[in-house]
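So the structure is just underneath, and the comments pick up after that.
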Number of protein chains: 2
Amino acid sequence: MDPILIPNVSIDCVVFGFDMQDLKVLLVDRDIEHNGVLHHDRKLPGDLIRKDEELDSAACRILHDLSGLQNLYLNQFGSFGGVNRLKSKERDLIWLKQIDHPEERVITIAYYTLINLTSAKEEYILRSNAKWTSLDSLGELAFDHAEIITKAYSMMKQNFKVNPIAFELLPDKFTLSQLQKIYEVVLKTQYDKRNFRKKISQISCIVPINEKQTNVAHKPARLYMFSKDIYEKTRKDNFDFTV
Amino acid sequence: MDPILIPNVSIDCVVFGFDMQDLKVLLVDRDIEHNGVLHHDRKLPGDLIRKDEELDSAACRILHDLSGLQNLYLNQFGSFGGVNRLKSKERDLIWLKQIDHPEERVITIAYYTLINLTSAKEEYILRSNAKWTSLDSLGELAFDHAEIITKAYSMMKQNFKVNPIAFELLPDKFTLSQLQKIYEVVLKTQYDKRNFRKKISQISCIVPINEKQTNVAHKPARLYMFSKDIYEKTRKDNFDFTV
DNA sequence: CCAAAAGTGTTAGGAGTACACCCATGA
DNA sequence: TCATGGGTGTACTCCTAACACTTTTGG
């Protein structure tokens with residue numbers, strides 16, 4: 001194994017993406033060959049960390065290598081260190097041999113990140129074996145990655161209610177219906193349009209701009225932006241983004 | 001170094017205690033001798049983890065060795081892995097040499113735990129160099145432990161608003177004034193007694209019992225208990241303990 | 001009888017909720 | 001002209017916040 005890596009500590013990243021329909025997770029295909037049979041499942045993007053590398057930098061490196069994206073919103077939400085987390089499924093053991101993994105216990109520090117799939121589309125290229133997968137049809141996952149994703153989603157939801165992270169999943173300019181949609185998808189609820197808008201109109205950091213949608217087959221919607229500036233200036237300790 | 005330890009991964013524990021007055025943190029005294037001068041500061045209880053030990057078990061072991069206490073509420077709230085986190089202060093370097101620490105990078109997984117100092121008093125004995133210190137006069141701390149405590153407190157506060165963890169800091173039977181006090185201390189706010197009680201009376205899992213305080217020089221207060229049972233049965237996904 | 005904390009109700013204002021119709025655009 | 005989502009107001013209920021006096025005990 002590369003001696004600049006720490007053998008016991010890795011980073012895994014749960015990348016959430018939103019395409020105005022669904023919450024998606026970025027997963028990497030894994031092919032496991034055993035006795036001539038090919039088995040197929042998916043894993044989270046992740047890697048061991050380097051001896052001279054900050055944790056956040058390692059997460060950035062993994063995400064950049066995977067997608068070319070930089071400056072993503074990163075949230076470290078937990079560590080997973082079960083003694084047998086790499087060894088509880090047969091296909092995991094075979095795969096570890098295949099990639100020459102040292103027989104060491106690995107404790108992983110997990111991050112989630114949020115990206116929006118509509119405006120980012122042109123800015124990045126996914127490594128060929130990485131795919132967006134809908135959060136509610138993840139299929140078979142490697143190691144304890146199902147558990148990690150479940151925790152990531154639950155922590156993200158909590159954070160969603162209390163911090164303005166919805167805007168990471170939306171393009172810079174968005175409509176109120178898009179904002180409502182993402183709250184509904186992430187929090188698995190439904191909101192009344194008028195009440196939602198009444199609430200939003202009280203939040204000073206969500207500002208209307210003088211632009212409208214174009215090329216839509218209906219009345220074009222007004223566009224809004226999130227002002228980080230106003231947010232920083234007006235935030236109270238208890239600020240609440242629940243709607 | 002003991003070969004059953006993982007050299008790169010440790011656990012640190014932020015133990016919060018409440019004595020009906022103040023939030024306290026449990027810290028371990030550290031004496032550093034350098035050129036005949038004795039320097040004194042404090043560190044969080046912590047240790048490297050063992051190769052065959054679950055993360056939570058390691059935290060339990062550390063707390064048990066320190067205090068004799070078991071079955072504490074444990075919350076893993078973050079990992080701290082700065083490349084130079086052990087090496088940025090001179091006294092830390094001296095101390096590491098003193099205890100024969102291997103020259104390895106250590107990533108620490110941090111837990112906080114809550115205990116109540118009034119009823120626990122008789123059940124445990126602190127290791128002699130461990131002391132309760134008020135959260136707002138911590139003094140000089142080792143390594144990045146000030147940062148860890150700040151994060152612990154902030155995560156604990158967030159959790160406090162949304163989960164019934166206040167009761168970990170109170171004796172089994174408590175008065176409403178004690179409950180109010182702990183909300184005020186932890187969240188650094190003040191509440192109106194009547195409004196607080198009105199809100200509490202709507203929470204079904206905080207149940208009055210047929211007992212009163214004794215030996216107090218004023219009208220004795222009714223005692224209450226937290227019913228985990230009722231809580232589990234009636235909790236909604238969105239339950240909210242803000243008062 | 002004094003000190004100390006317990007216990008208790010009302011009101012006014014603000015927030016949340018439920019609900020239905022017309023509008024602007026592209027096809 | 002039709003289909004599609006955009007945009008808007010009102011009434012009712014519930015929660016929040018402000019506020020002061022009597023009660024029970026130990027000393």
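Throughout, protein chains are lettered first and strands after them, A, B, ... in sequence-line order, and every chain is numbered starting at 1. Note that these values count all heavy atoms, side chains included, but never hydrogens, waters or copies made by symmetry.
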_Distance-only side-chain donor-acceptor flag, B/Asp229 / B/Ser227, under 3.5 Å_ = no

*asked:* For C/dA18 and A/Arg194 - does any side-chain N or O of the residue sit under 4.0 Å from the phosphate oxygens OP1/OP2?
replied: no

_With a 4.0 Å cutoff (strictly under), does any side-chain N or O of A/Arg197 reach OP1 or OP2 of D/dG7?_
yes

*Calculate the interatomic distance between B/Gln213 atom CD and D/dT25 atom P; express it in whole Å.*
12 Å

*Taking OP1 and OP2 of C/dA6, is either one under 4.0 Å from a side-chain nitrogen or oxygen of B/Ser177?*
yes

_Without decimals, in angstroms, what is the distance between A/Lys198 NZ and D/dA11 P?_
12 Å

_Are B/Phe174 and B/Phe167 an aromatic pair, judged by ring center distance below 6.0 Å?_
yes

*Atom CZ of A/Phe196 to atom C1' of D/dG7: distance rounded to whole Å?*
14 Å

*Give a yes/no on whether any side-chain N or O of A/Lys199 is located under 4.0 angstrom from OP1 or OP2 of C/dG16.*
yes

*Taking A/Gln76 for its side chain and B/Gly78 for its backbone only, find out whether a donor-acceptor pair lies under 3.5 Å.*
no

*For the pair made of CG in B/Leu223 and P in C/dA6, what is the distance, rounded to whole Å?*
11 Å

*Residue whose nearest DNA chain C nucleotide is more 5′ - A/Asn195 or A/Thr214*: A/Asn195

_Value in whole Å for how far the P atom of D/dT4 lies from NE2 of A/His218_ = 11 Å

*So, for B/Leu170 and B/Met20, which heavy atoms are closest and what is the spacing to 0.1 Å?*
CD2-CE, 4.0 Å

*asked:* My understanding is that only one of B/Val25, B/Val14, B/Ile148, B/Leu23 makes a side chain to side chain contact (heavy atoms under 4.5 Å, CB included) with B/Tyr153; could you say which?
replied: B/Leu23

*Report the distance from atom CD of A/Glu211 to atom P of D/dG6, rounded to the nearest whole Å.*
17 Å

*Just how far, in rounded Å, is P of D/dG6 from CG of A/Asp192?*
14 Å

*Can you tell me how far C1' of D/dC21 sits from NZ of B/Lys219, to the nearest Å?*
12 Å

*Answer with yes or no whether B/Lys193 presents, from its side chain, a donor or acceptor under 3.5 Å of a partner atom in the base of C/dG7.*
yes

_5' priority, DNA chain C, between A/Asn215 and A/Gln202 [closest heavy atom]_ = A/Gln202

